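A quick write-up on the structure given underneath.
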Amino acid sequence: MPFTLTKASVAKSFVGLLAASALVGGCAYNEALGRNQFLLVDNAALTQAADQAWADALRTQQVSRDAAANARIRRVGDRLVQAAGLTNIRWDYAVFVEESPNAFVLPSGKIGVTTGLLALVQNDDQLAAVIGHEIGHVVAQHAAERYSSTAVTSIGLQAIQGASGDYGQAVGALGGLGAQLGVLLPFSRQHELEADQLGVDYMVRAGYRASQSIALWRLMAAQRQSQTPEFASTHPSDASRIAALEQYIRSRGYN
Ligand SMILES: [Zn+2]
């Protein structure tokens, strides 16, 4: 899901720290995805910036103190993380007071869900679909990939190579771009589909019902339609996304 909770101040601090992170280069095979990725940075390079953005979000946004809600996302998140064997990442969770149902993840493994989302989901399986999806974005290094490809298409590979040899230039070039790279842009359709698939893999390993991911995305689509009909009419991707997920669940023999 897109990181819609981000406010400018959060993005700004993320950008500043991101500009200072080291550049790594080249094409890497991502085992979880089964494909190669072009990465100029990786999750590790984004960790400091992501953690700073998380701290800023916790400080500047209204965080829910509802003990049951917080315990619930932690319980579901931990169960997925354990089942997926991803305990090497320091996961953290928070509930943000926000009516619109949404969730986001930072590349260092920090997951936020809104009170609106918790109100929308009908069971823990559906919540697991959301959290599993966000975990998938991290394992897939989508933020790093998006950062890398956007940097290349925006200023050219030559500029990146030049910048990486000169710290000052790197800060200038990547710092300016960072505003739209780190946390503000929605993920691409390919990234969303990959996160959906990884998410249901984790759900199944953790003993959640994969079919509830379909129910969840249908709820989200219906909610979107009722709130913003004019946008929904030009935004047909919910249906094709759900179809793709149904097809994947069938092909894997999940239920
Ligand atoms: Zn997503």
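Any value given below was found using the heavy atoms of this structure, including those in side chains, with hydrogens, waters and symmetry copies removed. All ligand and atom numbering here is 1-based and tracks the order in the structure. For clarity, every value in this text was computed on a predicted model and none was experimentally measured.
- Because the distance cut-off is set at 2.8 Å, His142 fails to qualify as a neighbour of the Zn ion (ligand 1), as none of its N, O or S atoms comes that close.
- At a cut-off of 2.8 Å, Glu192 is counted among the residues with an N, O or S atom near the Zn ion (ligand 1).
- Ring orientation note: the planes of His191 and His142 are close to parallel, at an angle under 30° on the 30°/60° scale.
- Looking at heavy atoms from C-beta onward, Leu193 lies in side-chain contact with Arg241 at the 4.5 angstrom threshold.
- Residue pairs satisfying the salt bridge (Lys or Arg N to Asp or Glu O under 4.0 Å) criterion with at least one member in residues 101-124, sequence neighbours excluded, are listed as follows: Asp51-Lys110, Arg72-Asp124, Arg75-Asp124.
- The nearest N, O or S atom of His133 is closer to the Zn ion (ligand 1) than 2.8 Å.
- Applying the salt bridge (Lys or Arg N to Asp or Glu O under 4.0 Å) test to residues at least two apart or on different chains, the pairs with a partner in residues 208-223 are Asp125-Arg209, Arg218-Glu246.
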